[in-house]
Trainee: 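Structure in structure tokens, see below.
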Amino acid sequence: MKVRLPDGKELELPEGASGADAAAAIGPGLARAALAVRHDGQLRDLQATLADGTEIEILTDSAGDEALELIRHDAAHVLAEAVTELYPGVKVSIGPAIDGGFYYDFEFPEGTTISDEDLPAIQERMEEHMKAGEGFERRDVGTDEALEIFRAEGQDYKVELIEDLIRDEGVETVSLYRNGEFTDLCRGPHGPGTDRIGAVALQSVAGAYWRGDSDRTMLTRIYGTAFFDRKALEAELERLEQARARDHRRLGKELGLFEFSEVSPGSAFWLPKGTAIWNELVALSREMGEPRGYQEVKTPQLYDAELWKTSGHWEKYRENMFTTSTEEREFGLKPMNCPGHAHLFSSRRWSHRELPVRYSEPGLLHRNELSGTLHGLLRVRHFAQDDAHVFCTEEQVAEEVAACLEFAFATYGIFGFDVSIELSTRPEQRIGTDEMWDTAEKALTDALDAQGLEYTVNEGDGAFYGPKIDLHMTDSLGRSWQLGTVQLDYSMPERFDLAYTGADDREHRPVMIHRALMGSYERFIGILVEHYAGEFPVWLAPVQAVVLPISDRHADAAAAVRDELAGRGLRVQADLRSESVGRRIRENELQKIPYMLVVGDEEAGKGTVAVRRHGVGDVGEMAVGDFAARLEEESSTRRDLPVEAAG
RNA sequence: GCCGGAGUAGCUCAGCUGGUCAGAGCACCUGUCUUGUAAACAGGGGGUCGCCGGUUCGAAUCCGGCCUCCGGCUCCA
């Protein structure tokens, strides 16, 4: 028989030849490096027999992410093998490869708990199996036989998986993979053997619900990662260590940006330096919003429960709301600005000529998030969004959604963010008719397609009142967080009986677009801190420059420089402490302040400063006025100017 | 909320199996030094060892409950 190779050549093989045979026929080097074979587009074991006339490609350990994914999945099986040996009676569930590694979920016998301290022993056992070079043996069996095997072993989760496969997909056979004494239900493919997993590291243990369902058993998940060689593994562990240094919670404390306290869990206390960043972002939002037709409004924090009943929050969102009552009236603290804005819109009559109306508000919100979900600035209970609601006609929807996306990308461009786009569709808990959802989902899809944007679809992840386009960024450890969102809403206008008078002199229902671009200022700043590793561009830096007198007798000259710059609206301080210059430079460097301006005898007389740039060093002497102009330019353009180290 | 882990001076952390274990560095305060591009020197103050309860002659150390934080899960900006 013949198979075709990626370079177009044909390879003659005996009937019934496998991927391994094909690799061997091409060359011994490839045979050694081979991990799996792509056969008509599908990745299969090397042992799989090839069919005549098909196209094949041998996957080797130099195939990048795909190869890593394969051995990480292998490693998950070895993990399960080690755990079943070390903890008799353990029940296994599933263990896939994930971005950056793999995990396996187990149910340990009653009374056995696993912690990080148990990982080294498990890892050691895994390494023994890797050294032994056990093969991954595939066997296809009838579902009856598979059920019998796993029932006999008391592997209830596997039994459930097979039963579901039979029920949902009508399968009659399933594949089993055996490495050593461990047999797992698995679709495959797997590499040729455990010795191909070069190096493995178990990283953490965590709880995870069986099938991601919070009503079901909490399993114990063990996370790990694997690479082809120890060097790559260690580089990755080193990278993770480095990433921890960028953690916004750590930098926020070190740089004096914000604090958290037990007295208000999930709520940041913003220090002056963090507030300076916050204010710059709000200013940016206003500056960009104004020419785009946004008008800022201010609405209350607390609303009668009636308003939340009208909006649907009382029914669909109440468990996330903080409520209170006074004089026998019940109130809810706002978790969103939309009902307030809808109420505001309804307070007068509108002509179609006036639409779209775009109300923005950096409103303060409270959401009663589950305690276990709180996470620094990235997940809080009290936050503010760069929120706005656009009230427009049906005909204006496409243009307005497109304008929101333009605004969003213009904003991210300033920070050099590379966001990923997700379209979230109707959730189970929702208000509004299916027709409304059809219309809204189509409108968003059309807007994305019209701009040729790439996106993934999150079925069922929409807001309860409408579908949304979400814009995501990852933090220093690669966790994805939603920043911006553009949500289309046909329900709220109906619930609030919103109307405008059309050209036909009849009443029409406007459409509401909810949008936040940075998302919440809290989360955005958290991501920003990690993105810049605390080394903010000049326009965002809480302190843009610090003036350093060489000795006490230069204090007045230094203070004068500070006053002149601060008088021009720049965030400049003077470090007049009687500490050594080296000491003060060190401390201000650690604070990652963009500029230090040294003033001594040489400079004081001439009205200059010796400029030191963070991360660069001494960049030479400048007249105070020239430096001020530079700082002003960097602030107003929101772009740092290039610098070169002096001499 | 759920699973696992942690909680000692402002910060980072030491303190093994209960008995001078309440410590170190940095920070802070006082004094001296008056400084040229990443840490001057000396002295000093500071903690009911997260909170509540229990075991014990005796608890930072053991047990229970609660709070907060960390890693995940569920949920979400």
Side-chain angles (χ1 to χ4, degrees), chain A residues 103 105 107-108 113-118 203-223 244 247 249-250 253-254 259-266 317 319-320 335-336 365 367-381 383-387 424 427 461 463 468 470-473 477 479 481-485 487 514 516-524 526-527 548-555 577-590 596-603 610-614 617-619 645-646:
Chain A
Y103 68 78
D105 286 348
E107 183 185 339
F108 285 89
T113 55
I114 296 298
S115 76
D116 289 355
E117 289 163 22
D118 300 307
Q203 294 168 300
S204 61
V205 2
Y209 297 110
W210 168 233
R211 303 207 134 173
D213 183 342
S214 57
D215 292 328
R216 304 202 62 180
T217 320
M218 176 65 74
L219 304 172
T220 302
R221 173 170 300 178
I222 297 177
Y223 282 97
R244 270 183 263 280
D247 191 312
R249 292 166 297 189
R250 176 180 170 150
K253 189 179 265 298
E254 286 174 3
E259 298 276 353
F260 282 93
S261 162
E262 292 190 16
V263 299
S264 187
Y317 205 74
E319 70 273 19
N320 281 301
M336 299 182 192
L365 309 175
R367 293 186 190 173
N368 194 3
E369 303 290 353
L370 263 41
S371 58
T373 65
L374 302 178
H375 185 97
L377 287 179
L378 301 182
R379 189 73 183 281
V380 286
R381 285 188 174 141
F383 59 100
Q385 291 179 317
D386 62 327
D387 202 13
S424 297
D461 254 5
K468 49 184 191 157
D470 290 330
L471 306 164
H472 288 245
M473 265 286 287
L477 289 174
R479 294 175 289 216
W481 297 91
Q482 182 183 321
L483 297 180
T485 182
Q487 315 179 342
H514 308 236
L517 307 181
M518 297 185 210
S520 80
Y521 287 103
E522 279 76 4
R523 179 174 291 179
F524 197 76
I527 294 288
L548 297 179
I550 291 289
S551 77
D552 287 351
R553 71 174 185 281
H554 307 111
R577 294 175 302 160
S578 300
E579 299 288 351
S580 68
V581 175
R583 165 73 154 242
R584 284 175 290 151
I585 285 174
R586 174 180 159 78
E587 290 181 2
N588 286 295
E589 281 290 347
L590 290 173
M596 275 181 251
L597 309 175
V598 180
V599 177
D601 288 334
E602 286 174 43
E603 295 80 9
V611 180
R612 181 189 168 96
R613 179 79 230 245
H614 174 73
D618 191 357
V619 297

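Throughout, protein chains are lettered first and strands after them, A, B, ... in sequence-line order, and every chain is numbered starting at 1. Quick caveat: nothing in here was measured; it's all calculated off a predicted structure.
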Trainee: Please name the nucleotide paired to B/C75 by Watson-Crick or G-U wobble geometry with both distances under 3.5 Å, or report none.
Mentor: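 Matched B/C75 with nothing under the 3.5 Å cut-off.
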
Trainee: Please determine whether any donor N or O and acceptor N or O are separated by less than 3.5 Å between the side chain of A/Glu369 and the base of B/G1.
Mentor: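 By the distance-only test, no, there is no pair.
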
Trainee: Does B/G71 have OP1 or OP2 sitting under 4.0 Å from an N or O in the side chain of A/Arg249?
Mentor: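 Yes, within the criterion.
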
Trainee: Could a donor-acceptor pair under 3.5 angstrom be found where the side chain of A/Arg379 meets the base of B/C75?
Mentor: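 When only heavy-atom distances are counted, A/Arg379 does reach the base of B/C75 through a donor-acceptor pair under 3.5 Å.
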
Trainee: Is it the case that B/G1 (base atoms only) and A/Tyr209 (side chain only) share a donor and an acceptor within less than 3.5 Å, ignoring hydrogens and angles?
Mentor: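 Counting by modelled atom types and ignoring angles, a donor-acceptor contact under 3.5 Å is found here.
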
Trainee: With nearest nucleotides of RNA chain B determined for A/Gln487 and A/Thr220 from heavy-atom distances, which residue corresponds to the more 5′ nucleotide?
Mentor: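 By nearest-heavy-atom nucleotide position, the 5'-most residue is A/Thr220.
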
Trainee: From the options B/A40, B/G4, B/G1, select the nucleotide whose nearest atom is closest to the side chain of A/Ser371.
Mentor: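 Per side-chain heavy atoms of A/Ser371, the pick is B/G1.
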
Trainee: When both hydrogen-bonding distances must be under 3.5 Å and the geometry is Watson-Crick or G-U wobble, what is B/U30 paired with, if anything?
Mentor: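 By the stated definition (distances under 3.5 Å), B/A42 pairs with B/U30.
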
Trainee: Under 4.0 Å between any heavy atoms, over every strand shown, what does A/Thr373 touch: base, sugar-phosphate, or nothing? Just pick one.
Mentor: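 Base, at least one base heavy atom under 4.0 Å.
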
Trainee: Determine which nucleotide pairs with B/A24, using a 3.5 Å limit on both distances of a Watson-Crick or G-U wobble pair.
Mentor: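 Pairing partner, where one exists within any strand: B/U12.
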
Trainee: Base, sugar-phosphate alone, or nothing: which one does A/Leu219 contact when heavy atoms must sit under 4.0 Å apart?
Mentor: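 Nothing, no nucleic acid heavy atom in range.
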
Trainee: Pick base, sugar-phosphate or nothing for A/Gly212, based on heavy-atom distances below 4.0 Å to the nucleic acid.
Mentor: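 Since only primed, P, OP1 and OP2 atoms lie under 4.0 Å of A/Gly212, the category is sugar-phosphate.
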
Trainee: I'd like a table of atom pairs between the protein and nucleotides 33-35 of chain B - only N or O on both sides, under 3.5 Å - with the distance next to each one.
Mentor:
| residue | atom | partner | partner atom | Å |
| --- | --- | --- | --- | --- |
| B/U34 | O2 | A/Asp552 | N | 3.1 |
| B/U34 | N3 | A/Asp552 | OD2 | 2.6 |
| B/U34 | O4 | A/Asp552 | OD2 | 3.0 |
| B/U35 | OP2 | A/Arg553 | NH1 | 3.0 |
| B/U35 | N3 | A/Glu579 | O | 3.4 |
| B/U35 | O4 | A/Ser578 | O | 3.2 |

Trainee: For a quick test of reading the model: is some side-chain N or O of A/Lys253 closer than 4.0 Å to OP1 or OP2 of B/G10?
Mentor: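 Answer no for this pair, as no side-chain N or O of A/Lys253 is under 4.0 Å from OP1 or OP2.
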
Trainee: Looking for any heavy atom pair under 4.0 Å, which part of the strands does A/Ala208 touch: base, sugar-phosphate only, or nothing?
Mentor: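 Sugar-phosphate, backbone atoms only, no base.
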
